[in-house]
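One is the number of the first residue; the rest follow in order along the sequence.
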Amino acid sequence: MKLYRAECGNLTLAATGDSLVTRRMSVCDEPWFTKLVDLIRSADAAFTNLEVLIHDYESPPAAQSGGTWMRAAPEILDDLQWMGFQMLSTANNHTLDYGIGGLESTIRELRKRRLTYAGTGMNRAEARAPAYLETAQGRIALLAASSTFRLSALAGRQRSDMPGNPGLSGLRHQVEITLPSGAMHQLRRAQEMLEGGELDEGEDVSLRSMRAGAGSTAFHEGSEVNVTTRPHQGDLQEICKWIDDARRQADWVGFSLHAHE
């Protein structure tokens with residue numbers, strides 16, 4: 001865990017990366033650890049990415065995980081709160097490790113403790129929307145998203161005749177790889193052999209990412225090797241819209257993106 005402490009005007013913020021915590025921390029009394037806790041508590045606000053689901057195995061594990069099935073007992077939230085954390089992101093590749101039931105249990109336990117969280121919800125609007133924390137130095141808005149996830153974890157839009165599906169706020173993406181002509185010719189031949197047909201002249205070679213499902217990979221011919229990652233414009237516009245809305249409602253706005261890419 002890396003801890004970052006920054007002063008923004010009169011606000012002091014402590015922020016860490018991923019919290020994959022499955023054992024109680026409040027029992028630890030090593031000097032280096034208590035010093036870290038004191039540092040977190042001294043900030044006006046503290047943030048971490050909660051990369052575990054909170055439940056007591058009420059829901060079965062999903063057929064696929066975000067790498068492994070991450071879960072912790074509800075008491076872990078008590079320990080994070082004891083350390084001084086008030087703001088958490090819940091959007092990451094483990095969001096649906098235990099299906100919708102695991103997500104619902106996590107949200108229920110967070111709300112029970114009145115912790116400020118963002119990045120997941122019962123529909124797309126809830127997952128995209130900012131959450132707010134009131135501090136002595138002003139109101140903080142928190143928004144969160146992930147670019148590493150299975151497509152089934154993406155929260156769906158609700159309609160007047162249909163509820164949206166629970167999930168996370170996702171930022172899909174496309175990786176564009178430029179290769180010299182010789183390498184492109186070999187890649188085309190490989191795809192033609194796999195698919196049993198010839199590609200049209202000039203047609204792009206495109207492979208769907210099998211690891212996370214949030215992105216695809218397209219190959220183009222060029223003079224040199226180059227890799228460019230482009231965000232999904234629809235997702236980007238939605239996220240920016242919510243950030244703009246948060247700027248009108250809060251003194252400080254924070255956005256967290258969980259990404260393995």
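To the nearest 0.5 Å, atom OG1 of residue T135 and atom CH2 of residue W252 are 8.5 Å apart. Atom CG of residue L168 and atom CG of residue L154 lie 6.5 Å apart, to the nearest 0.5 angstrom.
The two residues A153 and L96 come nearest to each other via the heavy atoms CA-CD1, 3.4 Å. Counting all heavy atoms, side chain and backbone alike, S105 lies closest to I54 at OG-O, 2.7 Å. Y98 and M70 make their closest contact through CE1-O, 3.7 Å (heavy atoms, listed as atom of the first residue, atom of the second, distance).
Without hydrogens or angle criteria, S89 side chain to A144 main chain gives no donor-acceptor distance under 3.5 Å. Using a distance-only test at 3.5 Å, with no hydrogens or angles considered, no donor-acceptor pair links the side chain of R139 to the main chain of Y132. D44 places a side-chain N or O within 3.5 Å of a backbone atom of T12 that can act as its donor or acceptor partner. Listed for the N93 side chain is no donor-acceptor partner under 3.5 Å among the backbone atoms of S65. Side chain of Q86 to backbone of A46: a donor-acceptor contact under 3.5 angstrom is found. Under a 3.5 Å cut-off, the side chain of N123 and the backbone N or O of A125 do form a donor-acceptor pair.
The side-chain hydrogen bond (donor to acceptor under 3.5 Å, both in side chains) test with H94 is passed by exactly one of D97, N92, T90: D97.
With salt bridges taken as basic N to acidic carboxylate O contacts below 4.0 Å, none links R24 and E75. With respect to R113 and E109, a salt bridge is recorded, a charged nitrogen being found less than 4.0 Å from a carboxylate O. Taking 4.0 Å as the cut-off between side-chain N and carboxylate O, D235 and R128 count as a salt-bridged pair.
Counting only N and O atoms by type, the side chains of S19 and T48 include a donor and acceptor under 3.5 Å apart.
Contact check for I177 versus T217: side-chain heavy atoms found under the 4.5 Å cut-off. Counting only heavy atoms from C-beta outward, the side chains of D18 and H258 approach each other to under 4.5 Å. Here the side chains of M25 and L80 are in contact, with some heavy-atom distance below 4.5 Å. Side-chain atoms of Y117 and R111, non-hydrogen and from C-beta on, do get closer than 4.5 Å to each other.
The aromatic rings of F33 and W82 sit parallel to each other, their planes meeting at less than 30°, with 60° as the upper class boundary.
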